Amino acid sequence: MKRLSQLLDLFFPNVCLVCKEKLTNNHCICEKCLNELVLLDIKKCFFCGENPAQNGLCEHCKKELDFDEFVSAFKFDNVIQSLIHNLKYNEYMKIGKLLGELLANRLSKYEFISDIDFIIPVPLHKVKERERGFNQSYLISKEISNILKIPLGKKIVKRSKYTRTQTKLTKEEREKNVGDAFKIKYPKFVKEKILLIVDDVITTGATMKSMALLLKKMGAREVYAASIARA
Ligand SMILES: [Zn+2]
Ligand SMILES: [Zn+2]
């Protein structure tokens with residue numbers, strides 16, 4: 001067996017996804033790169049990164065996003081960027097687990113976390129999920145759910161509209177693009193409930209915002225949001 005693993009190593013060397021150094025652990029990233037991750041300052045707004053914040057958002061961003069509280073973990077630097085990129089296209093199982101673990105660690109320090117009834121990953125449209133083979137927000141959420149023992153509500157919200165890739169759109173176009181993109185499939189798991197939406201990266205916030213608005217409209221008591229990073 002040793003020879004087989006050496007042979008595999010030759011063709012598929014187990015290297016750190018970020019620095020490409022050979023790995024001595026069984027993860028996807030080396031200790032050195034993991035230690036380079038920069039945690040966001042909890043006293044500043046997690047969205048604009050500038051102003052002092054209460055519940056993760058400054059006054060300005062709070063008006064814009066309307067989450068009861070927002071939590072983000074890391075600065076969107078090289079390390080996070082290569083993890084998220086590979087999560088989308090490559091070794092997604094291992095990375096999803098790692099990112100979920102990191103975000104769970106941060107979330108565990110918040111009081112609201114013990115009140116959450118369901119974690120809701122931002123859903124992908126079923127066509128997109130089929131193409132990709134997985135939903136990255138779901139992988140992260142699943143890990144958080146395991147670690148923090150909070151039920152996962154994978155199917156509560158569904159994406160009913162196949163939206164274009166958002167990266168090249170302006171803020172207004174994005175908001176229009178995601179408006180009515182979601183449908184609540186199981187309203188009884190929303191009404192009077194306290195929910196946590198999870199996504200990998202938050203960019204303009206348009207996607208999470210439109211989900212939060214819909215959940216509130218359907219009677220959710222409180223809606224929290226969390227992301228690995230803010231791009
Ligand atoms: Zn490395
Ligand atoms: Zn802000």
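Whatever order the structure lists them in is the order used to number ligands and atoms, beginning at 1. Note that the coordinates shown come from a computational prediction; the quantities given were computed from them, not determined experimentally. Counting from 1, the numbers follow the sequence of the chain as shown.
Looking only at distances, a side-chain donor or acceptor of Asp117 sits under 3.5 Å from a matching main-chain atom of Ile194. Although no hydrogens or angles enter the test, the distance criterion places no donor-acceptor pair under 3.5 Å between the side chain of Ser227 and the main chain of Ser72.
Checked against salt bridge (charged side-chain N to carboxylate O under 4.0 Å, His left out), Lys142 has no partners two or more places apart in sequence or in another chain.
Using cut-offs of 30° and 60° for the angle between ring planes, the Phe112 and Tyr224 rings count as parallel.
For the Zn ion (ligand 2), protein N, O or S atoms under 2.8 Å: 4 in total.
Residue-and-atom listing of protein N/O/S atoms under 2.8 Å from the Zn ion (ligand 1), sorted by chain and number: Cys16 SG, Cys19 SG, Cys30 SG, Cys33 SG.
A cation-pi arrangement is absent between Lys155 and Tyr186, since the terminal nitrogen or guanidinium carbon is not both under 6.0 Å from the aromatic centre and inside a 45° cone about the axis.
In this structure the side chain of Ile202 reaches within 4.5 angstrom of the side chain of Phe70, judged on heavy atoms. When side chains are defined from C-beta on, Leu17 does not count as touching Ser82, because their heavy atoms never get closer than 4.5 Å.
Among pairs with a residue in residues 196-210, those fulfilling salt bridge (Lys or Arg N to Asp or Glu O under 4.0 Å) read Glu64-Lys209, Lys88-Asp200, Glu175-Lys209, at least two apart in sequence or across chains.
In summary, Asp68 and Arg221 do not engage in a salt bridge, as defined by a charged side-chain N under 4.0 Å from a carboxylate O.
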